[in-house]
Amino acid sequence: MRQAIFLLFYLGILACLGTFYVNAEDPYRFFTWTVTFGTISPLGVPQQGILINGQFPGPTIDCVTNDNIVVNVINNLDEPFLITWNGIKQRKTPWQDGVLGTNCPIPPKTNWTYKFQTKDQIGTFTYFPSTKLHRAAGGFGGFNVAQRSVISIPYPTPDGEFTLLIGDWYKTSHKILRRRLDSGRSLPLPDGLLISGLHDSAVFTGEAGKTYKFRVSNVGLETSFNFRIQGHKMKLIEVEGAHTIQEPYESIDVHVGQSVTVLVTFDESPRDYDIVASTRFTKPILTTTATLRYAGSHTPASGPLPIGPTYEIHWSMKQARTIRLNLTANAARPNPQGSFHYGTIKVVRTLVLANSQVLINGKLRYAVNGVSYINPNTALKLADWFNISSVFDFKTIKDVPTPGAPAVLGTSVFSTTLHDFVEIVFQNNENSIQSWHLDGYSFYIVGYGSGLWIPNMRERYNLADGVPRHTTQVYPKSWTAIYVSLDNKGMWNLRSAIWSKRYLGQELYIRVWNDEHSLFTENDIPSNALYCGKAKHKHS
Ligand SMILES: *[C@@H]1O[C@H](CO)[C@@H](O)[C@H](O)[C@H]1NC(C)=O
Ligand SMILES: *[C@@H]1O[C@H](CO)[C@@H](O)[C@H](O)[C@H]1NC(C)=O
Ligand SMILES: *[C@@H]1O[C@H](CO)[C@@H](O)[C@H](O)[C@H]1NC(C)=O
């Protein structure tokens with residue numbers, strides 16, 4: 001019956017071909033998500049949470065490469081709202097990215113439908129609210145993209161899989177946290193860590209002798225964590241859509257906004273074992289556990305919790321360098337991942353982006369190259385599409401930091417040309433860790449280093465098997481360098497994934513453009529687009 005309805009719908013889609021620019025041969029998955037406030041108590045204290053269809057965390061999206069995803073989001077909050085799809089590249093559909101630079105927010109008590117494709121993607125991703133610190137209240141979930149049946153994966157098919165959403169958590173409501181940031185104060189250390197919405201109580205059950213895929217994401221706001229399993233090694237197979245060299249790890253660091261996928265074989269004596277996540281680079285260290293259970297076990301976990309690193313920065317940097325791309329494996333497409341040869345392409349532009357904590361008008365802000373981002377009330381993408389001037393200009397931010405210049409508020413947008421091949425150096429001169437995320441892309445991480453980046457550091461770059469990701473950490477008093485091929489037209493958010501820093505200005509946009517208007521490079525504005533600010537009257 002379901003199949004029949006689906007078929008009818010499918011035929012309907014075929015009939016409408018011409019108005020749909022998505023590939024009608026790929027299957028559709030429809031979701032209706034009602035977003036509400038509700039009481040949750042993940043740390044034992046009741047607080048206001050954001051639920052999707054009554055759930056915290058939100059439902060996991062499980063789909064296949066190239067599926068068309070249609071999500072009708074019904075915003076029953078009393079505030080405007082958007083969800084962004086962390087790591088889904090939105091190929092040709094910057095209109096669906098769900099950040100204030102690309103979308104007007106969904107007004108309270110109304111709904112809006114996202115339509116996008118998981119084009120040429122595979123792996124473990126997440127989604128979360130991008131607006132008004134909503135993420136501190138929930139509204140996040142897993143987004144898993146499996147391979148198409150005709151595509152091989154570079155490891156034996158696992159016997160099952162688990163989605164672990166791990167992150168720090170505050171007992172305080174997001175509205176109070178927001179007021180605190182608005183008044184110019186930083187966030188305190190979080191109150192605890194959660195694993196899939198639970199503190200010390202999640203259970204993952206599998207059978208002895210079998211191998212399971214663990215999809216582990218950092219959905220927290222502020223802190224990196226280390227993840228480990230008592231008595232079991234983890235074999236890393238994928239980070240954010242790239243198949244890695246399959247090394248065994250005792251423990252693994254995951255920074256805010258990142259996802260890793262590991263295989264775990266249940267090859268110990270059948271009982272319960274502790275799964276542990278603990279914060280990195282914080283004082284004190286926050287720890288939470290979950291249970292890995294052999295089916296039928298009535299023997300609780302015992303013995304000491306497996307020990308992980310705490311403050312050691314060098315340890316983490318060394319581990320990060322071991323995460324490398326398997327050049328012969330394929331990803332979502334049949335061709336080898338290594339065939340792109342990123343190390344041989346000529347860089348046409350270098351951006352050096354330095355983060356800083358600043359005071360502007362006496363209030364705490366966070367800046368990139370001296371500019372602390374403010375959202376105009378017109379979505380940048382709309383301003384671009386309708387040639388509305390005076391929403392942003394390309395002179396606000398410079399390609400490199402200007403030493404000594406006072407920090408200012410501004411709407412930073414870099415202007416780039418479609419297919420530019422760009423080097424970005426994230427320079428972190430501060431004592432806290434950074435995590436940078438770029439929408440619309442994965443970028444190759446070519447180097448991590450301590451101190452100040454200088455052009456000579458290029459000699460140390462990994463130009464062979466660096467791993468492409470959508471989010472990279474930048475260690476305290478260190479730099480991280482990436483290469484990115486700007487082959488996805490649009491207006492893309494580059495942001496600190498450390499959420500208080502982004503909330504107070506540590507973000508910008510990269511406009512990737514050419515003057516040729518073509519459906520091969522970018523879809524037209526969707527018929528259901530929302531209009532706001534100076535684009536309000538453009539509504540057709
Ligand atoms: C709102 O939801 C209704 C169905 O409940 C749907 O028909 C309509 O297209 C949605 N509106 C938008 C803008 O997505
Ligand atoms: C790399 O991928 C190939 C599949 O092309 C696989 O056979 C091999 O085991 C992988 N190598 C490592 C070291 O992970
Ligand atoms: C905006 O300007 C571009 C180039 O000047 C032009 O091709 C396009 O049609 C304009 N768009 C609108 C909506 O006027």
Side-chain angles (χ1 to χ4, degrees), residues 9 12 16 19-20 28 30-35 53 69-76 80-83 95-96 98 103-116 122-123 147 151-158 211 233-239 242-249 260-263 322-339 378-391 415 417-418 464-465 467 489 491 511 513-519 521-532 534-540:
F9 187 84
C16 310
T19 54
F20 270 82
Y28 278 73
F30 295 90
F31 303 88
T32 301
W33 283 1
T34 304
V35 180
N53 294 348
I69 309 293
V70 181
V71 191
N72 187 356
V73 174
I74 301 167
N75 174 15
N76 279 345
F81 182 76
L82 282 175
I83 286 176
W95 305 103
Q96 309 292 327
N103 293 70
C104 304
I106 307 169
K109 313 298 172 197
T110 66
N111 67 302
W112 192 71
T113 305
Y114 288 85
K115 295 191 188 98
F116 56 89
I122 188 172
Q147 76 280 6
I151 295 289
S152 64
I153 44 173
Y155 49 88
T157 305
T211 297
K233 282 222 163 63
M234 303 179 285
K235 189 195 270 185
L236 185 69
I237 51 172
E238 179 239 319
V239 293
H243 286 132
T244 60
I245 297 286
Q246 294 169 20
E247 303 268 17
Y249 289 84
V260 302
T261 310
V262 295
L263 295 181
T322 67
I323 301 178
R324 288 175 301 134
L325 189 64
N326 181 338
L327 299 172
T328 60
N330 58 275
R333 284 159 157 279
N335 55 314
Q337 297 181 125
S339 55
T378 313
L380 306 180
K381 184 67 201 160
L382 286 177
D384 217 13
W385 192 258
F386 292 109
N387 301 327
I388 304 168
S389 58
S390 76
V391 174
S415 168
T417 304
L418 186 64
D465 58 1
V467 79
K489 199 167 166 177
M491 183 68 80
R511 181 219 203 207
W513 192 250
N514 66 356
D515 275 334
E516 190 188 332
H517 181 84
S518 162
L519 293 175
T521 53
E522 186 181 35
N523 289 357
D524 270 333
I525 188 167
S527 56
N528 68 347
L530 296 173
Y531 294 80
C532 51
K534 292 180 173 158
K536 204 157 187 133
H537 62 283
K538 300 288 182 188
H539 205 307
S540 44

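This is a predicted model, so every value here is computed, not measured. Counting starts at 1 for both ligands and their atoms, following the listed order.
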#### Entry: Trace of the side chain to side chain donor-acceptor pair (under 3.5 Å) decision for H243 with N330
CA-CA 8 Å; H243 286 132; N330 58 275; 5.4 Å; no
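Close approach of ligand 3 to W385 (heavy-atom distance below 4.0 Å) involves ligand atoms 11 (N), 12 (C), 13 (C). Of all atoms in ligand 2, listed by their number and element, those nearer than 4.0 Å to a heavy atom of A329 are 2 (O), 5 (O). Less than 4.0 angstrom separates some heavy atom of N111 from each of these atoms of ligand 1: 1 (C), 2 (O), 3 (C), 8 (C), 10 (C), 11 (N), 12 (C), 13 (C), 14 (O). Against a heavy-atom cut-off of under 4.0 Å, I245 is close to the following atoms of ligand 2: 13 (C), 14 (O).
Here the heavy atom of the protein found nearest to atom 5 (O) of ligand 1 is N72 ND2, 4.0 Å. In terms of protein heavy-atom proximity, atom 9 (O) of ligand 1 is nearest to T113 OG1, 4.6 Å. Among protein heavy atoms, atom 2 (O) of ligand 2 sits closest to N326 ND2, 2.3 Å. Of all protein heavy atoms, the one lying nearest to atom 4 (C) of ligand 2 is P154 CB, 3.9 Å.
Within the 4.0 Å heavy-atom criterion, neither part of I74 lies near ligand 1. Contact annotation for T328 and ligand 2: heavy atoms of both the backbone and the side chain come within less than 4.0 Å of the ligand.
Ion pairing between a basic and an acidic side chain is recognised when a charged N comes within 4.0 Å of a carboxylate O; E516 and K489 show no such pairing.
Rounding to the nearest 0.5 Å places CD1 of I388 at 5.0 Å from NZ of K538. Taken from CZ in F30 to NZ in K115, the straight-line distance is 9.0 Å, to the nearest 0.5 Å. We find the CG-OG1 distance between N76 and T34 to be 6.0 Å, quoted to the nearest 0.5 Å. For the atom pair OG1 (T261) and CD1 (I237), the distance works out to 5.5 Å, reported to the nearest 0.5 Å.
Remark: atom 14 (O) of ligand 2 lies closer than 4.0 Å to at least one protein heavy atom. Atom 11 (N) of ligand 3 lies below 4.0 Å from at least one non-hydrogen atom of the protein. For atom 7 (O) of ligand 2, the protein comes within 4.0 Å by no heavy atom at all.
Judged purely by distance below 3.5 Å, without hydrogens or angles, the side chains of Y155 and T211 never pair a donor atom with an acceptor atom. In the model, T378 has no side-chain atom that pairs as donor or acceptor with a side-chain atom of K536 under 3.5 Å.
Taking the six-membered ring where the residue is Trp, F386 and Y531 present tilted rings, their angle falling between 30° and 60°.
The option from N387, D515, I388, I525 that lies nearest to atom 3 (C) of ligand 3, judged by heavy atoms, is N387.
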